[in-house]
Amino acid sequence: MASSQVLAQDAVAQRIKELEERLRAMQSGMQTMQNELESLKIQSSQVTGKVEKIQQNPQNQQTPQPTEKVGKVSQTASSAETNQEDQKKSNMVFFRGGFAHSSQHRDGMVFHSDVVSAGAQDRPDKNGWYFGAGFDWNLTKNAWDLAPRTNVLAELMFEYKEFSSHVQGNALANMPTQLIGGAINPHSVTVSQLSIYASPKIKFLEGNRFRPWIIPAGFGMHIISPPGESASFFIPGVVFAGGAEYRVWKDFYAGVDARYHITGGKKDGINVDGLTAGGYLGIGF
């Protein structure tokens with residue numbers, strides 16, 4: 001009996017020992033599994049981080065592109081609108097008026113004349129007034145890359161001058177004419193001149209409210225009334241000018257100018273050289 005109990009106890013102890021070893025083996029396996037699981041979690045977290053970075057990088061690179069493109073398109077459109085607006089406003093229509101002076105007294109067929117020396121030999125004053133209008137058409141904003149902020153424009157202008165409206169006429173402007181024995185009864189003669197100009201104009205300080213300008217040389221055609229002693233009406237010449245203007249409000253300008261007109265001496269006994277000085281009002285378009 002005692003021997004049987006000892007054997008039974010040994011068997012139980014052996015069984016317990018085997019169970020303990022199996023339990024330790026299971027715990028060791030579970031620990032290994034836990035370690036592998038933690039390792040998998042870390043690797044998964046790293047992979048997830050890399051995927052997020054990969055996903056974020058294209059967004060960061062691609063998302064601004066439409067914005068940048070829209071910005072560039074907006075800037076281009078804005079620049080185009082500005083250039084178009086500037087181009088529109090570089091042109092001008094203007095209206096001038098002021099003082100006119102002739103270098104010499106005018107002789108004419110129906111007033112002071114060496115051809116018809118009978119009757120009142122009156123002469124007009126050398127001083128008078130003028131009124132005119134014209135257009136400035138912009139050709140370039142930087143003088144064809146020769147001078148920044150310098151416009152070159154084509155100016156087309158007409159100008160009416162009047163030196164007198166009460167000059168006493170000679171025998172041809174007498175009622176009845178003294179050529180048939182009439183008494184002195186002269187008509188009043190208006191001495192005037194119409195000038196048409198085509199000139200290059202150089203305007204400085206593009207973008208400023210105040211802008212000086214010059215006309216180095218332009219062409220002028222003068223039409224006189226009454227005609228000269230040889231019935232001449234048309235006298236060509238050259239004009240030189242300088243002035244400045246100020247943008248008062250929006251596209252409205254005020255300016256002053258002075259112009260000198262040369263015709264190369266007398267033509268058929270008439271000299272219309274002289275100058276004008278005055279102001280003008282302009283509207284940009």
Side-chain angles (χ1 to χ4, degrees), residues 71-101 129-161 193-223 234-264 272-285:
K72 289 180 180 178
V73 170
S74 300
Q75 290 177 358
T76 303
S78 176
S79 177
E81 289 179 0
T82 302
N83 291 337
Q84 187 175 4
E85 190 69 14
D86 289 344
Q87 180 65 30
K88 288 181 180 179
K89 305 307 179 182
S90 296
N91 306 320
M92 181 186 294
V93 57
F94 57 85
F95 304 90
R96 306 172 57 244
F99 170 77
H101 175 77
W129 56 269
Y130 76 89
F131 178 79
F135 293 92
D136 282 340
W137 189 263
N138 186 60
L139 301 178
T140 175
K141 288 180 175 292
N142 57 4
W144 296 283
D145 295 327
L146 298 176
R149 301 179 62 200
T150 302
N151 294 62
V152 178
L153 306 99
E155 180 191 85
L156 180 63
M157 185 188 73
F158 67 88
E159 175 183 86
Y160 174 80
K161 304 185 188 76
Q193 177 178 319
L194 177 66
S195 300
I196 302 173
Y197 302 97
S199 310
K201 178 183 283 186
I202 302 173
K203 194 176 290 188
F204 307 98
L205 303 180
E206 165 73 21
N208 283 19
R209 297 180 75 94
F210 175 79
R211 302 194 65 186
W213 56 265
I214 62 170
I215 292 178
F219 173 75
M221 177 61 73
H222 308 284
I223 306 168
F234 300 97
I235 303 176
V238 181
V239 60
F240 308 96
E245 64 191 28
Y246 184 80
R247 183 166 63 86
V248 180
W249 178 69
K250 290 190 175 180
D251 301 318
F252 294 88
Y253 298 80
V256 294
D257 67 1
R259 300 173 185 247
Y260 188 69
H261 317 272
I262 299 177
T263 58
V272 296
D273 293 358
L275 63 87
T276 58
Y280 63 90
L281 297 175
I283 303 174
F285 69 95

Inset, instruction - Spell out, as yes or no, whether a donor-acceptor pair under 3.5 Å connects the side chain of D273 to the backbone of T263. - result: yes

Inset, instruction - Provide the closest heavy-atom pair for S195 versus H222 in the form atom of the first, atom of the second, distance. - result: OG-ND1, 2.7 Å

Legend entry - NZ on K201 to CH2 on W137, rounded to 0.5 Å: 14.5 Å

Legend entry - Enclosure of F240 CZ (heavy-atom neighbours >12, cutoff 6.0 Å): yes

Legend entry - Short side-chain donor-acceptor distance under 3.5 Å, N151 and N138: yes

Inset, instruction - Grab the two heavy atoms, one from P200 and one from P216, that are nearest each other, plus how far apart they are. - result: O-CD, 3.6 Å

Legend entry - M92 and Y253: CA distance, side-chain angles, deciding distance, side-chain contact (heavy atoms from CB on, under 4.5 Å) verdict: CA-CA 9 Å; M92 181 186 294; Y253 298 80; 3.6 Å; yes

Inset, instruction - Would you indicate whether the side-chain heavy atoms of E155 and I215 approach each other to under 4.5 Å? - result: yes

Legend entry - S199 OG to D136 CG distance, which is reported to the nearest 0.5 Å: 10.0 Å

Side-chain donor-acceptor pairs under 3.5 Å in residues 274-285, sequence neighbours left out?
{"from": "Y280", "atom 1": "OH", "to": "W213", "atom 2": "NE1", "distance (Å)": "3.0"}
{"from": "Y280", "atom 1": "OH", "to": "E245", "atom 2": "OE1", "distance (Å)": "2.8"}

Inset, instruction - In sequence, state the C-alpha distance, the side-chain angles, and the governing distance for F234 and M221, and then conclude on side-chain contact (heavy atoms from CB on, under 4.5 Å). - result: CA-CA 7 Å; F234 300 97; M221 177 61 73; 4.0 Å; yes

Inset, instruction - Report the residues that fulfil side chain to side chain donor-acceptor pair (under 3.5 Å) with D257, sequence neighbours left out, ordered by chain and then residue number. - result: R96, R259

Inset, instruction - Please step through side chain to side chain donor-acceptor pair (under 3.5 Å) for the pair S90 and K141, ending with a clear verdict. - result: CA-CA 9 Å; S90 296; K141 288 180 175 292; 2.7 Å; yes

Legend entry - Rounded distance (nearest 0.5 Å) linking atom CG of L205 with atom OG1 of T150: 7.5 Å

Inset, instruction - Given side-chain contact (heavy atoms from CB on, under 4.5 Å), test V272 with Q193 step by step and report yes or no. - result: CA-CA 9 Å; V272 296; Q193 177 178 319; 3.7 Å; yes

Inset, instruction - To the nearest 0.5 angstrom, please state how far the CZ atom of F204 sits from the CZ atom of R211. - result: 9.5 Å

Inset, instruction - Would you indicate whether W144, at its atom CH2, is surrounded by more than 12 heavy atoms from other residues, nucleotides or ligands within a distance under 6.0 Å? - result: yes

Inset, instruction - Nearest 0.5 Å please: distance from the CZ atom of F158 over to the OH atom of Y197. - result: 12.5 Å

Inset, instruction - Under the salt bridge (charged side-chain N to carboxylate O under 4.0 Å, His left out) rule, collect the residues that match up with K161, sequence neighbours excluded. - result: E159

Inset, instruction - Would you please name every residue forming a side chain to side chain donor-acceptor pair (under 3.5 Å) with R247, sequence neighbours left out? - result: none

Inset, instruction - Would you please name every residue forming a side chain to side chain donor-acceptor pair (under 3.5 Å) with Y160, sequence neighbours left out? - result: E162

Legend entry - Separation between CG of L156 and CD1 of I196, rounded to the nearest 0.5 Å: 8.0 Å

Inset, instruction - Just jot down the side chain to side chain donor-acceptor pair (under 3.5 Å) partners of N142, sequence neighbours excluded, or say none. - result: T140, D145

